Amino acid sequence: MAPPTRPASRFLAPAQVAELLSIGVDEVIALLHEGRLRGAQLGSPPRWRVEESCLDGYLAEESEIARRMALWRQSQVASFPEVWGTSSAHRS
């Protein structure tokens with residue numbers, strides 16, 4: 001029996017990423033330069049490409065940041081375990 005094959009990586013152009021995120025292409029390029037979105041310059045001449053899995057990771061990270069910020073804004077009514085987790089370092 002042949003080993004299972006992994007699906008081929010899909011690389012997206014900045015314009016495709018911009019369309020998916022509903023932002024401008026310059027904002028995608030800025031995210032790449034800031035290192036907030038992982039990508040690589042491929043080809044000759046080099047052009048930015050973003051692997052689809054890197055975009056998924058970026059979206060997951062941004063969602064987590066948004067979730068934490070929402071909890072922080074609600075900190076007057078939220079319990080500390082919801083904000084900080086259940087680590088023993090934060091217990092009194």
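For clarity, every value in this text was computed on a predicted model and none was experimentally measured. Values below: all heavy atoms of this structure, side chains included; hydrogens, waters and symmetry mates excluded.
Taking CZ of R68 as the reference point, atom OG of S63 lies at 12.5 Å (rounded to 0.5 Å). Here S53 contributes atom OG and F11 contributes atom CZ; the two are 8.0 Å apart, rounded to the nearest 0.5 Å. Going from atom CD of Q16 over to atom CG of L21 covers 11.5 Å, rounded to the nearest 0.5 Å.
Residue pairs satisfying the salt bridge (charged side-chain N to carboxylate O under 4.0 Å, His left out) criterion with at least one member in residues 47-59, sequence neighbours excluded, are listed as follows: R10-E52.
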With a cut-off of 3.5 Å and sequence neighbours excluded, list every side-chain donor-acceptor pair involving residues 30-43.
unit_1	atom_1	unit_2	atom_2	d
R36	NH2	E62	OE2	3.3

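Here the side chains of L20 and L12 are in contact, with some heavy-atom distance below 4.5 Å.
For the side-chain contact (heavy atoms from CB on, under 4.5 Å) with V17, the lone residue among V25, I23, V28 that qualifies is V28.
Here I65 is tied into one hydrophobic group with M69, each link being a pair of ILVMFWY side chains closer than 4.5 Å.
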